[in-house]
There are 2 protein chains.
Amino acid sequence: MRMDTHLLRTFVAVLDHRSFSGAAKALGYTQSAVSQHVAALEADLGARLVERRPVAPTPAGARLLEHAPALLLRLDAARADVARLHHAQPAHLTLACSAAALTGTIARALAQLRAATPLLDLDVRVQAREAVIEEVLTARADLGLVDGVAAPSDPLPLPDLGPTTTLAAAEQPLAVLFPTDHPLARRRSVRLTDLTQAQWIDAPDTAVPLDRIRAVCRTEGFRPRVRHRGTDLHGLAALAAAGLGLAALPLPLAATLPGVTAVPADEPRLVHRTELVHTAHPTEPARQLVDLIAGRTATAQ
Amino acid sequence: MRMDTHLLRTFVAVLDHRSFSGAAKALGYTQSAVSQHVAALEADLGARLVERRPVAPTPAGARLLEHAPALLLRLDAARADVARLHHAQPAHLTLACSAAALTGTIARALAQLRAATPLLDLDVRVQAREAVIEEVLTARADLGLVDGVAAPSDPLPLPDLGPTTTLAAAEQPLAVLFPTDHPLARRRSVRLTDLTQAQWIDAPDTAVPLDRIRAVCRTEGFRPRVRHRGTDLHGLAALAAAGLGLAALPLPLAATLPGVTAVPADEPRLVHRTELVHTAHPTEPARQLVDLIAGRTATAQ
DNA sequence: ATACATTACGAAGAGCGTAAGCATG
DNA sequence: CATGCTTACGCTCTTCGTAATGTAT
């Protein structure tokens, strides 16, 4: 009767699955238990939270849904943070990256770290941006690398998922991928503002998400007709090379992709930025890598 | 057995009171129940969390203690946010302010709001900075005003207590309070960096906290011999006028205090900043006040 | 010896599953 | 009428308080 965590968990699951029975199966409860959980939560908060048949959040439920997932994540983060103290693997480092964040600079820093401690076990996992922070918070990764676009020397607007520290790891020019035979591919640079009506590929987990570009350019343009899920850079390059649409990536990375030409983007003045994300108490190897990258870029925040 | 909220609550209470029995009394449990709560939490996390006799956090407990209060606050915030939907008082606005945040500009905006909706009930409460955000999150206040110092047009570094939106409400020059007969009182301006070794009063809930000044000036100076608690501006002025020490306040406000002379501070270039804090869904009168202040300053973030 | 935490134990209650009810498409 | 949420009910496990036990200052 006091907004217990398992009630919140099933509440979220119910609305995720848009079904009581689905949530029950997912959580290993019976339908009945789930029903009772929701009822208990509703009784506690004194408001109906979910509309049944079809299952959907009421206004109050929607409000709670703005808080609940973050709460549960932070709960896991707290547990993970305590667990880290005991199961500290001194010779292990797992790094969660978004696709365009794993560049030469980072790889060289990793090599340097490996040279310093040869026995170090390295795990690198590339995944969607939101997942990176979550992995760091729940200690499934020791360190995260998130990329995105922002005005020069501005921080990335990371979602407030929990208590993390961020540090600028790299700033690179932003580029647009054109098929090599595209008329604009020969330009020295292009204006993003001239491309609002162009055909774009939205590849939020690989390239810069279009809604980020929209936000930064303060425009309603950049409407995609092609969507690309996953973190597969070369697949995205193939789509772009085939003329299916444009995509934005950091210039040094984009220049290495086959079949496409990377043209620097300006107007508005934007950079592709990579940030290192870690918790308040990184493991020893993680701390070393942070130092290496921070020392290299000397752009602490 | 799954890190339930009430376990966390008693865990925090135990370490707050540095005593099981004290926490028990505070929470309305028996000693025994508290003991069982702590034991359950320790069993769940697989680590000893508190050292008994004397009661103190173990390393793992300290780690958990970095998360638990924030978690509990966010839990209350979530509950409050849902409750707000129902118990919305359309003709009521309560405003939580830190001491130096409630200035003429704000008062005039309030007057304007009152003129627009004459039936509006206004509650204004002045309190410590940390309490302001907490009050907003838990819906004990509809809107918060927090003041502090920062580099010009930088945001204040507010503690990450929960999901809030902030908005610059005012930026004013920073001033140092001198007794009127002080040799430096006749100066046009003073350098803060020249005053690191001076006698300061630390009045964290009224003036700018000294540790903030230290952080911003990147120095170890500004060590106080006098501490002042509470939010009593005139009391602080009296101490400063009596020569007990210096204090930093926004210039327009400082200039109105009796017995002291306010001298603008520069070097490093700092401003006194006031920020408006509200949740994602302010009440209607709160939204109006935000608009009034935002329109007036036109410095949205 | 005296606080004060822990352990033992029984009673009250919370939580889950089974199964019967009931509404909606 | 069938799918899927709700309610009734009983069993079990949890959680609390009382009281006895342990343990440091």
Side-chain angles (χ1 to χ4, degrees), chain A residues 1-62 64-65 68 71-72 75 79 82, chain B residues 1-62 64-65 68 71-72 75 79 82:
Chain A
M1 294 301 186
R2 58 257 139 179
M3 217 157 102
D4 256 336
T5 61
H6 62 285
L7 298 186
L8 287 179
R9 220 178 287 274
T10 78
F11 167 74
V12 171
V14 162
L15 291 176
D16 270 357
H17 290 78
R18 305 199 145 274
S19 145
F20 281 53
S21 37
K25 216 173 310 174
L27 297 171
Y29 286 123
T30 64
Q31 226 181 44
S32 159
V34 169
S35 182
Q36 292 174 55
H37 282 183
V38 173
L41 199 57
E42 289 180 329
D44 179 27
L45 295 182
R48 197 166 180 75
L49 297 172
V50 344
E51 217 60 77
R52 291 101 222 258
R53 214 174 256 289
V55 171
T58 64
L64 183 59
L65 208 53
L71 261 164
L72 295 172
L75 208 68
R79 151 170 275 128
V82 173
Chain B
M1 293 298 182
R2 57 257 139 177
M3 216 157 102
D4 256 335
T5 60
H6 62 285
L7 298 186
L8 287 178
R9 220 178 288 272
T10 76
F11 167 75
V12 171
V14 162
L15 290 176
D16 269 358
H17 289 79
R18 304 201 147 274
S19 144
F20 281 54
S21 36
K25 215 173 310 174
L27 296 172
Y29 287 122
T30 62
Q31 229 177 43
S32 158
V34 169
S35 183
Q36 293 175 53
H37 282 183
V38 174
L41 199 57
E42 290 181 328
D44 180 27
L45 294 182
R48 199 168 178 74
L49 297 173
V50 345
E51 217 60 78
R52 323 313 132 110
R53 213 178 267 292
V55 171
T58 65
L64 183 59
L65 209 53
L71 261 164
L72 295 171
L75 209 67
R79 151 171 275 123
V82 173

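Note on naming: letters A, B, ... go to the chains in the order of the sequence lines (proteins, then strands), and numbering restarts at 1 for each one. Only heavy atoms go into these numbers, but all of them, side chains included; no hydrogens, no water, no symmetry mates.
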Taking only N and O in the side chain of A:Tyr29, is any of them less than 4.0 Å away from OP1 or OP2 of C:dC16?
yes
In terms of the nearest nucleotide of DNA chain C, which residue is placed more toward the 5' end: A:Pro54 or A:Ala33?
A:Ala33
According to a strict under-4.0 Å criterion, is B:Ser32 in side-chain N/O contact with OP1 or OP2 of D:dT18?
no
Drop me the distance from A:Asp4's CG to A:Thr10's OG1, to the nearest 0.5 angstrom.
11.0 Å
Using the side-chain contact (heavy atoms from CB on, under 4.5 Å) rule, pick out the option among B:Phe11, B:Tyr29, B:Phe20 that qualifies with B:His37.
B:Tyr29
Could you tell me the separation between the NE2 atom of B:His17 and the CG atom of B:Leu27, rounded to the nearest 0.5 Å?
7.0 Å
Separation of B:Thr58 OG1 from B:Leu64 CG (nearest 0.5 Å):
9.0 Å
Quickly work out the B:Leu7 CG to D:dC16 C1' distance and round it to whole Å.
13 Å
Provide, to the nearest angstrom, the distance between the CG atom belonging to B:Leu41 and the C1' atom belonging to D:dT15.
15 Å
Hey, which sits more toward the 5' end of DNA chain D by its nearest nucleotide, A:Gln36 or A:Val55?
A:Val55
Distance, rounded to the nearest Å, where A:Glu42 contributes CD and D:dC5 contributes C1'
12 Å
Integer-rounded Å distance: D:dT15 C1' and B:Leu27 CG
15 Å
Under 4.0 Å between a side-chain N or O of A:Thr30 and OP1 or OP2 of C:dC16?
no
In this structure, how many angstroms lie between the C1' atom of D:dT3 and the NZ atom of A:Lys25, rounded?
12 Å
Once you round it to whole Å, what is the distance between P of C:dA8 and CD of B:Gln31?
17 Å
A:Asp44 CG to C:dA14 P, straight-line distance once rounded to whole Å:
13 Å
Protein-nucleotide distance (A:His6, atom NE2; D:dT15, atom P), rounded to Å:
10 Å
Would you mind reporting whether A:Arg9 and A:Leu75 have side-chain heavy atoms less than 4.5 Å apart?
yes
Per atom distances to the A:Ser35 side chain, the nearest of D:dT7, C:dA5, C:dT6 is D:dT7
